[in-house]
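Here's the structure we're looking at; comments come further down.
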Number of protein chains: 2
Amino acid sequence: MASNAVMEETLQVLKDHKLRVTPQRHIILAYLVSHHNHPTVETIRDGLSKDLPNIGASTIYNTLNTFVDHHLVVELQNGDGSTHYDYFGTPHYHAICTNCGRIVDVTYPGFSDTEKNLEKKTAEISGYMISGNHMEVYGLCPECQIKLGIKKND
Amino acid sequence: MASNAVMEETLQVLKDHKLRVTPQRHIILAYLVSHHNHPTVETIRDGLSKDLPNIGASTIYNTLNTFVDHHLVVELQNGDGSTHYDYFGTPHYHAICTNCGRIVDVTYPGFSDTEKNLEKKTAEISGYMISGNHMEVYGLCPECQIKLGIKKND
DNA sequence: TTGTTACATTGGAATGGTTCTCATCTGTTA
DNA sequence: TAACAGATGAGAACCATTCCAATGTAACAA
Ligand SMILES: [Mn+2]
Ligand SMILES: [Mn+2]
Ligand SMILES: [Zn+2]
Ligand SMILES: [Zn+2]
């Protein structure tokens with residue numbers, strides 16, 4: 001079970017979004033807030049086996065889809081065939097390893113401006129009414145660089 | 001069948017990448033070069049029914065996966081459940097409609113710098129050896145704005 | 001040209017992540 | 001506390017994609 005602080009925070013988030021507060025939703029959201037491993041449905045289910053031993057897979061999918069609709073959570077693909085989920089409390093983007101699928105959070109000062117500029121330009125050019133964006137950068141994570149015997153500077 | 005110019009161009013692309021030149025690969029690549037509709041496997045199969053009436057679905061998947069490995073083609077998801085493919089001859093990114101799934105190409109002067117900067121920052125922060133990136137911007141396309149009766153300025 | 005061989009194609013079966021169905025349960029509101 | 005819209009859960013269904021094994025063929029060298 002997540003900490004009291006996290007449970008209170010997530011309870012408030014659910015209420016703010018006018019989502020019915022069920023134990024399943026509360027616990028799943030708390031899990032996501034306190035784990036930034038970008039879990040799959042399977043990972044979440046395993047991680048919650050103590051708290052929710054009888055939860056159905058459909059409930060996890062339904063819950064996550066609801067969170068995605070409310071922009072609380074984003075979906076990520078890393079090429080392993082299943083969808084990864086990420087609580088999106090603070091803006092960031094992802095670096096994804098093309099070899100092992102590792103997903104890490106990235107942000108830097110000025111990233112928010114880059115993002116805003118991209119959205120503004122896109123609106124002007126395409127006429128779309130922008131609601132969000134995703135940026136992903138691909139490459140080899142440090143461990144895979146070593147594992148594959150690749151030198152950085154050559 | 002695509003134009004002679006496209007057939008020559010795609011033939012050269014296949015050779016440059018040391019890919020065995022089969023009719024299937026040649027025709028699929030020519031299709032992608034001359035169609036920027038971001039087709040699915042099904043769309044491609046339909047579009048090629050004249051040229052390759054007996055092509056197997058696995059061949060299209062195999063071929064596209066090969067092209068993706070060689071960075072000739074990128075994969076896109078628009079939420080309709082199937083993967084969309086895009087020949088990536090010139091750098092650009094995508095605006096995706098969250099209502100109807102329409103995918104349009106976007107680029108602007110300076111986009112290349114934005115991209116390079118993002119990759120550079122990511123390499124510094126994450127230690128990843130960067131090989132590429134994807135940027136996507138989400139929103140409502142002009143048609144869906146009208147269809148849904150949403151006003152731009154209010 | 002021809003032979004060799006590694007690789008590509010095919011159709012069908014298998015896979016597996018996600019959605020669907022529907023009976024049951026429950027959080028919310030009055 | 002009653003009523004009900006909405007959520008849950010088990011399993012079936014879905015379907016995009018991959019796997020498999022037999023057949024075909026592009027590329028290369030002699
Ligand atoms: Mn993240
Ligand atoms: Mn495109
Ligand atoms: Zn890695
Ligand atoms: Zn649209």
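Letters A, B, ... mirror the listed sequences (proteins, then strands); counts begin at 1.
- For Thr63(B), taking side-chain heavy atoms from C-beta onward, the closest of the listed nucleotides dT18(C), dT9(C), dG11(D) is dT9(C).
- The aromatic rings of His134(A) and Tyr138(B) sit perpendicular, their planes meeting at an angle over 60°, well past the 30° parallel limit.
- With values rounded to the nearest 0.5 angstrom, Asn78(A) atom CG is found 11.0 Å from Arg102(A) atom CZ.
- Within the nucleic acid shown, Thr40(B) has no heavy atom closer than 4.0 Å to any nucleic acid atom.
- To the nearest angstrom, P of dG11(C) lies 10 Å from CD of Gln24(B).
- Remark: Leu14(A) CG to Leu19(A) CG distance equals 6.0 Å, nearest 0.5 Å.
- The side chain of Asn65(B) contributes an N or O atom lying less than 4.0 Å from OP1 or OP2 of dT18(D).
- One atom, CG of Leu76(B), and another, C1' of dA16(D), lie 16 Å apart when rounded to the nearest Å.
- Between Lys120(A) and Glu124(A) there is a salt bridge, with a side-chain nitrogen of the basic residue lying less than 4.0 Å from a carboxylate oxygen of the acidic one.
- Rounded to an integer number of Å, the gap from CG of Leu64(A) to P of dG17(C) is 15 Å.
- Of the residues near DNA chain D, Arg20(B) and Leu19(A), the one whose nearest nucleotide (by heavy atom distance) lies more toward the 5' end is Leu19(A).
- Rounded to whole angstrom, the span from the CZ atom of Arg25(A) across to the P atom of dG6(D) amounts to 11 Å.
- Taking atom CD1 on Ile27(B) and atom P on dT25(D), their separation rounds to 14 Å, with Å as the unit.
- Straight-line distance from the CD1 atom of Ile44(B) to the P atom of dA16(D): 14 Å, rounded to whole Å.
- In terms of phosphate contacts, Ser58(A) brings no side-chain nitrogen or oxygen within less than 4.0 Å of OP1 or OP2 of dC20(C).
- Projected onto DNA chain D by closest heavy-atom contact, Ile60(A) and Tyr61(B) fall at different nucleotides, the more 5' of which corresponds to Ile60(A).
- Comparing dG27(C), dT9(C), dT8(D) by their nearest atom to the side chain of Thr59(A) picks out dT8(D).
- Note: CD1 (Ile55(A)) to P (dA7(D)) measures 14 Å, nearest angstrom.
- Atoms CG (Asn62(A)) and C1' (dG17(C)) sit 14 Å apart, rounded to a whole Å.
- Below 30°, between 30° and 60°, or above 60°: for His92(B) and His94(B) the angle between ring planes is above 60°, a perpendicular geometry.
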